[in-house]
Amino acid sequence: MVIIMKKIRTRYAPSPTGKMHVGNLRSALYEFLIAKHEGGVFMLRIEDTDQERYVEGAVDIIYRTLKTAGLTHDEGPDKDGGYGPYVQSERNKSGIYLKYAKELIDKGEAYYCFCDKERLESLRETITDPETGESKEIMIYDKHCLHLSKEEVEAKLAAGMPYVIRQNNPKEGVTTFHDELYGDISVSNAELDDMVLIKSDGFPTYNFANVVDDHTMGITHVVRGNEYLSSSPKYNRLYEAFGWEVPVYIHLPLITDENHKKLSKRSGHASFEDLLAQGFLPEAVVNYIALLGWSPEENREIFSLQELIEQFDYRRISKSPAVFDINKLKWMNGEYLKAMDEERFYELALPYLEKVLTKKLDFHKIAAMVKTRIEVFPDIAELVDFFNELPDYDTEMYVHKKMKTTKESSLAVLTELMPILEKQEDYSNDALYALLTEFAQKREYKNGYVLWPVRTAVSGRQMTPAGATEIMELLGKEESLSRIRRGIEALQA
Ligand code: GLU
């Protein structure tokens with residue numbers, strides 16, 4: 001027997017309604033990885049049938065985000081693969097959705113509805129969720145128009161009455177569908193409302209268009225947020241009515257913030273582009289997002305996109321909510337910075353260095369100093385701003401248990417060093433290091449006993465991105481001496 005495997009085709013199907021948030025990017029990434037893992041096709045489809053929610057510029061954000069994240073689509077509005085058009089408003093022009101809706105009407109699976117706003121309003125009910133106690137408004141359509149005769153319908157259509165087309169769901173029985181993560185889910189048909197398929201403006205709803213498009217565009221795997229889980233039985237009934245094969249469904253777990261609240265714009269959680277503006281690297285964000293719900297077989301966290309493609313197995317996606325932890329992302333970003341080659345790091349760090357440093361200093365050297373000490377680029381500012389001018393600092397900082405330094409010992413060391421440093425001409429790191437360690441040796445001090453007070457005096461900081469002599473090299477002789485003099489004065493006070 002020859003088993004012909006269908007080529008995997010996945011789609012990222014965003015509605016152009018604004019920024020691309022972490023959850024959107026995760027759907028896109030998983031769709032991309034599923035396709036690429038199997039050598040399949042990753043497609044981009046723009047779902048713009050809700051004209052009221054359309055936001056100017058949102059399509060550009062989608063393209064930019066996919067490009068920067070490295071999720072190259074094989075087909076889409078800008079790359080025809082024979083399944084176009086790839087924008088729903090353009091697909092609608094050919095009448096494709098209306099044609100399929102009419103096919104459902106002929107099969108008794110859908111019907112025209114002419115009810116006006118007032119009548120629909122009167123059907124609104126407030127229900128209370130027995131589990132959570134929360135109440136919400138729902139509208140279950142009462143199938144009023146299902147009972148219109150063919151002649152009545154035709155007369156209304158001929159008179160140009162506005163209409164929608166609704167799905168005709170049975171009131172009895174059960175619909176079962178399968179999700180790769182959630183397993184078989186059964187719902188009682190009584191819970192399925194007769195959702196609108198074609199709106200009065202002639203556009204399909206998302207609910208209808210996603211089914212028609214996924215089928216006609218050959219989609220094999222559908223990955224989306226689990227907010228669509230409750231509508232999936234209705235989609236399933238559409239597939240059945242048409243006699244179409246249902247794609248593999250993968251409904252992704254919720255992403256929450258650290259307080260286990262749904263991640264939202266309001267909780268200040270960023271879109272992909274906001275994260276980049278905060279100084280995160282695209283590859284670190286992509287790596288982190290891959291782990292929001294998916295875990296690899298081996299206990300490892302750092303993956304390049306290529307490695308993710310190799311390792312990604314959607315059967316290892318978890319159902320439990322994933323927590324978006326910005327500190328974890330920062331840690332991961334730091335790992336990427338550490339591993340980055342020096343020159344690229346310098347180029348990316350330069351704008352941040354130029355922003356804080358007002359003096360002409362060797363930015364190459366400073367970049368190399370901070371590389372392993374930051375998690376995100378904006379961390380650079382507080383690490384290096386002491387180069388501009390000596391900050392006010394507490395002389396308690398001279399006291400260091402391990403180095404066995406006290407304020408008195410520091411004062412003595414700095415005072416003794418002053419004439420030696422004044423005489424010294426070569427202020428290179430190497431020469432200064434040799435000078436200070438030789439000085440320590442002669443007096444039988446530990447190096448730290450000398451270097452700690454010097455570093456404190458020239459930086460005014462507990463933590464610095466480099467040692468005393470590296471800092472002095474950058475500051476130069478005059479500035480180094482002036483800072484040490486100020487240290488002596490402060491210790492004498
Ligand atoms: N257009 C839908 C959205 O942006 C896509 C959902 C799906 O992937 O089917 O939420």
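Each ligand, and each atom within it, is numbered from 1 in the order the structure gives.
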* Would you name the heavy atoms of Phe312 and Ile317 that are closest together and state the gap between them? =>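 Smallest heavy-atom distance, with atoms named: CZ-CD1, 4.2 Å.
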* Asked: Rounded to the nearest 0.5 Å, how far does NZ of Lys234 lie from OG1 of Thr175?
  ->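 The NZ atom of Lys234 is 11.0 Å from OG1 of Thr175, to the nearest 0.5 Å.
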* Summary of side-chain hydrogen bond (donor to acceptor under 3.5 Å, both in side chains) pairs that have at least one residue in residues 345-359, sequence neighbours excluded ->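 Only Thr358-Asn388 qualify under side-chain hydrogen bond (donor to acceptor under 3.5 Å, both in side chains).
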* **Qualifying residues under salt bridge (Lys or Arg N to Asp or Glu O under 4.0 Å), relative to Arg224, sequence neighbours excluded** =>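 Here no residue qualifies.
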Enumerate the pairs of nitrogen or oxygen atoms, one from ligand 1 and one from the protein, separated by less than 3.5 angstrom; state names and distance to 0.1 Å.
{"from": "ligand 1", "atom 1": "1 (N)", "to": "Ala13", "atom 2": "O", "distance (Å)": "2.8"}
{"from": "ligand 1", "atom 1": "1 (N)", "to": "Ser15", "atom 2": "OG", "distance (Å)": "2.8"}
{"from": "ligand 1", "atom 1": "1 (N)", "to": "Glu47", "atom 2": "OE1", "distance (Å)": "2.6"}
{"from": "ligand 1", "atom 1": "4 (O)", "to": "Ser15", "atom 2": "N", "distance (Å)": "3.2"}
{"from": "ligand 1", "atom 1": "4 (O)", "to": "Ser15", "atom 2": "OG", "distance (Å)": "3.3"}
{"from": "ligand 1", "atom 1": "8 (O)", "to": "Arg11", "atom 2": "NH1", "distance (Å)": "2.8"}
{"from": "ligand 1", "atom 1": "9 (O)", "to": "Arg11", "atom 2": "NH2", "distance (Å)": "2.7"}
{"from": "ligand 1", "atom 1": "9 (O)", "to": "Tyr206", "atom 2": "OH", "distance (Å)": "2.4"}
{"from": "ligand 1", "atom 1": "9 (O)", "to": "Arg224", "atom 2": "NH1", "distance (Å)": "3.3"}
{"from": "ligand 1", "atom 1": "10 (O)", "to": "Tyr228", "atom 2": "OH", "distance (Å)": "2.6"}

* Any donor-acceptor pair under 3.5 Å from Ser304 side chain to Glu307 backbone ->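 Between the backbone of Glu307 and the side chain of Ser304 there is a qualifying donor-acceptor contact (under 3.5 Å).
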* Any residue meeting side chain to side chain contact (heavy atoms under 4.5 Å, CB included) with Arg64, in chain and number order, not counting sequence neighbours ->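 Arg64: side chain to side chain contact (heavy atoms under 4.5 Å, CB included) contacts with Asp60, Ile61, Glu273.
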